[in-house]
Structures are given as structure tokens and as C-alpha cells.
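Lettering of chains follows the sequences in order, A, B, ..., and the numbering in each one begins at 1. Computed from a predicted structure; not experimentally measured.
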Amino acid sequence: MRSYLSLFKIRLINSLQYRVAALAGMSTQFFFGLIMIMVYIAFYESNPNQKLPINIRQVVNYIWLGQIFFAAMYYSEYDHEIGKLITKGDICYELVRPQNIFWKWFTQLFSKRFSYILLRSIPTFILLTLIPLNESIGFSLNPEMIIIVEFITSLILSLILIVSLNLIIHIFIYFLMDSKGIINFMMVIGSLFSGSLIPLPLLPKIFQMIASYLPFRYFHDFPFGILIGTVSRNQIYIGYFIQIFWIFVVLFLGYKLMKVALKRIVVQGG
Amino acid sequence: MSSYFKTMKLHLKSMLEYKKSAILSIVSQFFIFFTYYFSIIALFTTFNNIKGFTVYEVLLNFSIIQFGYSLVEFMARGIDRFDELIVRGDYDRILTRPRGIVTQAMIFQFDTFKIIRTLQSIIIMIIALVNLNIKWNPYKVFVLIISLSSSTLIFFGVFLLGASYCFFSIQGLEFRNLITDGGKHMAQYPISIYKKGFVTFFTYVIPYALVNYYPLLYLIGKETNFYYGLLPLFAILFYIICLFIFKLCSKRYLSVGS
């Protein structure tokens with residue numbers, strides 16, 4: 001266990017080096033967030049008498065939350081280091097080491113996600129509160145303490161789920177030897193059903209229904225929903241339960257897949 | 001110019017060698033582009049208009065700008081990646097060859113499968129046109145054709161501007177992406193839905209609005225003055241300015257030595 005913790009610490013410090021790239025990424029997100037907000041404001045202003053399940057204030061805050069946590073929630077990120085191990089076959093060197101490779105990669109990916117919280121999310125959040133935006137487009141959340149705590153709990157669970165899914169993607173890369181296809185597919189399906197493309201309450205009913213059976217909504221829609229109020233009190237605890245369920249399912253699948261993948265290496269010998 | 005098309009054919013052939021990878025790339029391009037127009041269509045099932053524009057009007061606007069962008073991404077990726085040419089020192093090699101700099105920059109990289117996006121934008125455009133009650137006449141057909149061509153020309157110009165900047169510095173290129181990708185993203189929707197500052201910027205500085213928004217107004221009949229249909233032609237002027245700036249900046253290039 002201690003070896004995993006030290007690995008986590010080393011990786012974290014490593015990731016914190018990439019500051020310039022972070023700044024550039026942040027400004028891009030900021031701009032795209034603004035564009036989305038302006039489009040939604042135009043939609044809402046054009047249809048003032050329409051009954052909608054979510055109001056413009058909630059949509060604006062939701063979009064800013066999405067920008068704040070963009071890097072941290074990027075579930076289809078391709079880790080080049082792990083990918084190279086797979087495609088080049090250097091994975092056999094990893095297998096000789098005393099740590100379980102599945103958990104080792106999990107720790108690696110998790111520390112990366114966590115570093116993004118420190119490196120991107122917190123600075124973006126600070127930036128948003130500092131920059132004087134017109135109040136119609138600004139970030140204006142003011143939740144009670146208990147809601148913040150509930151949100152953070154959900155966020156931690158989401159991160160674990162995202163890392164688990166990310167890990168499965170990399171194991172699939174091992175089977176398919178091509179990263180682009182799987183990653184793009186996950187990106188499209190995930191962005192649609194997580195609520196990152198369009199907030200789920202604004203999607204046609206049938207998509208909302210499909211989304212409720214998939215794990216993706218626990219990346220964006222559920223944790224942010226706690227903060228902006230689209231998730232009601234009793235739904236929160238059911239949501240936690242479903243998140244934990246999905247974590248088990250995905251980790252179990254991933255572990256099994258890894259075993260099958262590793263057997264293949266042994267068979268090919270060398 | 002023929003060397004350009006020969007290279008394009010070679011790239012295409014080599015891409016198709018790896019059949020499985022090619023199919024995956026085609027499917028990926030299709031799906032990613034799909035999310036762009038899916039967002040618009042999905043939002044219009046909830047809202048019925050945006051500042052007076054209906055779903056097919058927005059889709060027409062969207063398809064014109066996406067057509068140009070994807071075609072330029074397909075044809076001139078090398079210009080988008082101009083910084084790589086300079087960093088690797090390959091630019092010196094280009095200078096020694098008897099062909100034009102711009103042509104050579106275009107061919108050093110190809111994004112073959114972006115053409116899938118161009119095809120999709122044409123399909124979306126056709127769907128939009130079929131569902132709009134446009135009173136067609138030969139002039140309006142002409143306006144549509146020049147809108148599509150100008151859309152391509154304007155992005156070519158913007159890419160050249162980005163390449164011109166590379167002669168000065170290779171840092172800060174993400175901000176160039178804000179104008180190309182971000183600008184395209186904004187121009188998907190009729191530019192009038194945004195605040196006045198943006199409308200001014202995208203009409204007079206980087207005139208995306210001239211190639212899709214104003215012709216759109218004329219085609220759907222919101223504006224009847226026929227000059228609106230001629231506005232895309234300003235993209236030619238814009239392109240010439242960008243080309244001139246590029247040639248000017250290339251003179252500033254100091255080789256890193258080899």
C-alpha cells in the first residue's frame with residue numbers, strides 16, 4: 001500500500017510541472033464556456049414563456065462548473081506512457097515488478113486526475129471569481145455547506161469512476177492496438193450522456209431516459225446537479241449508491257479484462 | 001499545383017493501406033462532427049427559435065461555415081501545423097525548392113479523413129435547403145456558391161495569419177486556435193445572437209459573418225437588398241491581405257542554420 005502512495009505523490013509532483021500548457025488550456029476553455037453561455041442566453045431570451053425544467057441561472061452555473069472541472073473529468077484522456085507500454089510491448093518489464101499492474105495504473109491515472117483538480121480546477125475557479133463578468137453570464141453559486149459536502153463526496157466518487165473507465169479504455173487499446181477509434185467513440189457517447197455536450201434536462205426525453213441507465217451522467221450531470229439544484233435531496237443518496245455500484249461494475253470488468261489481456265502476453269512467449 | 005494533387009493522392013493511398021485504421025478514422029470523424037449538429041438539433045426540440053431563427057436556418061448557417069473549415073483542414077493542414085515546419089528546420093528545405101512556399105507548406109501534412117466532415121456539412125446543407133422555403137432564382141444560387149467558396153477562402157486566410165505569427169514566435173499558439181476553432185464555433189449560430197462587440201469583430205476584423213450570416217439573411221428573405229448576397233466576395237480581399245501578410249512575415253525569417 002505504501003508503494004502506491006509514494007507513486008501517487010511522485011506522479012502528482014510531476015504533473016504539477018506542466019503549468020504553461022495549463023494556462024493555455026484554461027483560456028481556451030474559458031472562451032468556449034463563454035460562447036456556450038451566450039448561445040443559451042440567446043435561446044432563453046427568445047423563448048421567454050416556455051416552461052423549462054432548468055432555468056438560465058442554473059445553466060450558466062452548470063457550464064462554468066463544466067469548465068472548472070473540464071480537465072479533471074476528461075475520461076477519454078489517453079495516457080501516452082501507459083499507451084506506449086502497451087503498443088510497444090514494454091509492458092513485460094512492468095509485469096516483472098512486485099506491484100499489481102492494474103492497481104499501479106489505477107494509481108497513476110488517479111494521481112493525474114487529482115493533479116488536474118489542483119492545477120486546473122482550483123485556478124479556473126479562482127479566475128472566475130476574480131474576473132468581473134456581467135452578472136447574467138457570471139458564476140454565481142452560493143450553496144450551503146451541507147450541499148458543498150455532498151458535492152465533494154459525489155466528486156470523489158465520480159473521479160474514481162472516471163479513472164476506472166479510463167483504465168478500461170487503455171486495456172481495450174491493448175486488445176485493439178489502435179487508440180483513436182475507442183477514444184473517439186467513448187468521447188462521443190460520454191459527452192452526450194454525461195451532460196457535457198448539452199445539459200441533460202434540455203435533451204429530448206428519450207435521451208434523458210437512456211442517460212439514466214448509463215454511468216456517464218455521474219461525471220457531470222449528477223455532481224453538478226447537486227450544486228445547482230436539479231438533483232433533489234432524496235435523489236442524492238440514491239445517486240451515491242448508483243455511483244458506487246457503477247464503480248464496482250467497471251472495476252470488476254476492468255480487472256477481468258486485464259487478466260485476459262495479460263494471459264495473451266504469456267501465451268505469445270518471449 | 002499538380003504536385004499538390006499528386007501528394008494528396010499518395011497520402012490517400014497510404015491511409016487506405018491500413019484498412020481497419022482507415023475505417024476507424026472515418027467513423028470517428030463522422031461521430032465527432034455528428035455531435036456538432038446534433039447539439040443544434042437537440043436544442044431545437046426544446047426551444048423553437050433563437051433570436052428569430054429556426055432550426056433549418058441555423059443549420060444552413062452552420063453548414064456553410066463548417067464546409068469551409070473542414071475543407072481547409074483537409075487541404076491545408078500543413079499550414080495549421082506551420083510551427084512544426086519551423087521548429088524541425090524543414091522550412092529551410094522548403095525555401096531551397098523551386099515550388100511556392102504556401103503550396104509546399106500545404107502538402108507536408110494531410111488530414112485525409114477531414115473530408116468526411118465536408119461531406120457531412122453538404123448533406124446537412126441539403127437537408128436545410130429542402131426544408132426552407134427559399135424563393136430560388138439564378139442569383140441566389142450564385143450567392144450560395146460564393147458563400148461556400150468564400151467560407152473556404154476565409155479560413156485559408158486565417159490559417160495563413162496563424163502561420164505568419166509562427167515566424168515571430170511558436171509560443172502562444174493556443175490563442176490562434178481561439179480565432180480559428182473558437183471563431184468557427186461562434187459562427188455556427190447566426191452571428192446576431194451574440195453581443196454587439198462580437199458582431200462587429202466578426203464582420204469587420206475576421207469577417208466570418210460575411211460568408212454565412214449575411215448571405216443567409218438574403219437567401220431566406222430576411223434582407224431583400226441584393227448587395228447582401230455579394231458580401232462573401234470580400235473574403236477574396238481578406239485572403240489577399242492574409243497572403244500579403246504571410247509573404248511579408250516570411251521575409252523576417254532567420255534560419256536557425258543547418
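- The most heavy-atom pairs under 4.5 Å with chain B, out of Leu192(A), Val39(A), Ile189(A), come from Val39(A).
- Contact annotation: the side chain of Thr28(A) approaches that of Leu178(B) to within less than 4.5 Å [non-hydrogen atoms, C-beta and beyond].
- Of the atoms belonging to Thr45(B), it is side-chain heavy atoms, and not backbone ones, that fall under 4.5 Å from chain A.
- Taking both residues in full, the closest heavy atoms of Gly182(B) and Ile35(A) are given as O-CD1, 3.6 Å, listed atom of the first, atom of the second, then distance.
- Annotation for Tyr204(B): atom OH does not count as buried by contact number, only 12 or fewer foreign heavy atoms lying within 6.0 Å.
- A donor-acceptor distance shorter than 3.5 angstrom exists from the side chain of Asn47(A) to the backbone of Asn49(B), with no hydrogens or angles considered.
- Separation of atoms OG (Ser191(A)) and CZ (Phe38(B)) is listed at 9.5 Å; rounding is to 0.5 Å.
- For a residue to count as touching a neighbouring chain, one of its non-hydrogen atoms must lie under 4.5 Å from one of that chain's; by this rule Asp181(B) touches chain A with backbone and side chain alike.
- In terms of heavy atoms, Ile198(A) sits closest to Ala42(B) at CD1-CB, 3.9 Å.
- Few gaps surround CG on Leu130(A); more than 12 heavy atoms of other groups in view lie less than 6.0 Å from it.
- The local environment of OH in Tyr56(B) is sparse, with at most 12 non-hydrogen atoms from other residues, nucleotides or ligands closer than 6.0 Å.
- Taking CD1 from Ile193(B) and OH from Tyr40(A), the interatomic distance works out to 11.5 Å, rounded to the nearest 0.5 Å.
- Side-chain contact between Phe31(B) and Asn184(A): absent, with no pair of heavy atoms (C-beta onward) separated by less than 4.5 Å.
- Between Gln50(A) and Asn48(B), the shortest heavy-atom distance links the atoms OE1-N, 4.4 Å.
- Only the side chain of Met187(A) has a heavy atom closer than 4.5 Å to any heavy atom of chain B.
- By the 4.5 Å heavy-atom criterion applied to side chains, Met38(A) and Phe198(B) are counted as neighbours.
- Annotation for Tyr228(B): atom OH does not count as buried by contact number, only 12 or fewer foreign heavy atoms lying within 6.0 Å.
- Contact annotation: the side chain of Phe47(B) approaches that of Leu52(A) to within less than 4.5 Å [non-hydrogen atoms, C-beta and beyond].
- Interface remark: Tyr189(B) contributes side-chain atoms only to the contact with chain A (heavy atom separation under 4.5 Å).
- The shortest side-chain heavy-atom distance between Met186(B) and Phe31(A) falls under the 4.5 Å cut-off.
- Distance check: Lys51(B) NZ to Ile41(A) CD1 gives 9.0 Å after rounding to the nearest 0.5 Å.
- Enclosure of atom CZ in Phe185(A) is not indicated, since only 12 or fewer non-hydrogen atoms of other residues, nucleotides or ligands lie within 6.0 angstrom.
- With a 6.0 Å radius and a threshold of 12 heavy atoms from other residues, nucleotides or ligands, Phe201(B) has its CZ atom above the threshold.
- In this structure, the side chain of Thr46(B) engages the main chain of Leu202(A) through a donor-acceptor pair within 3.5 Å.
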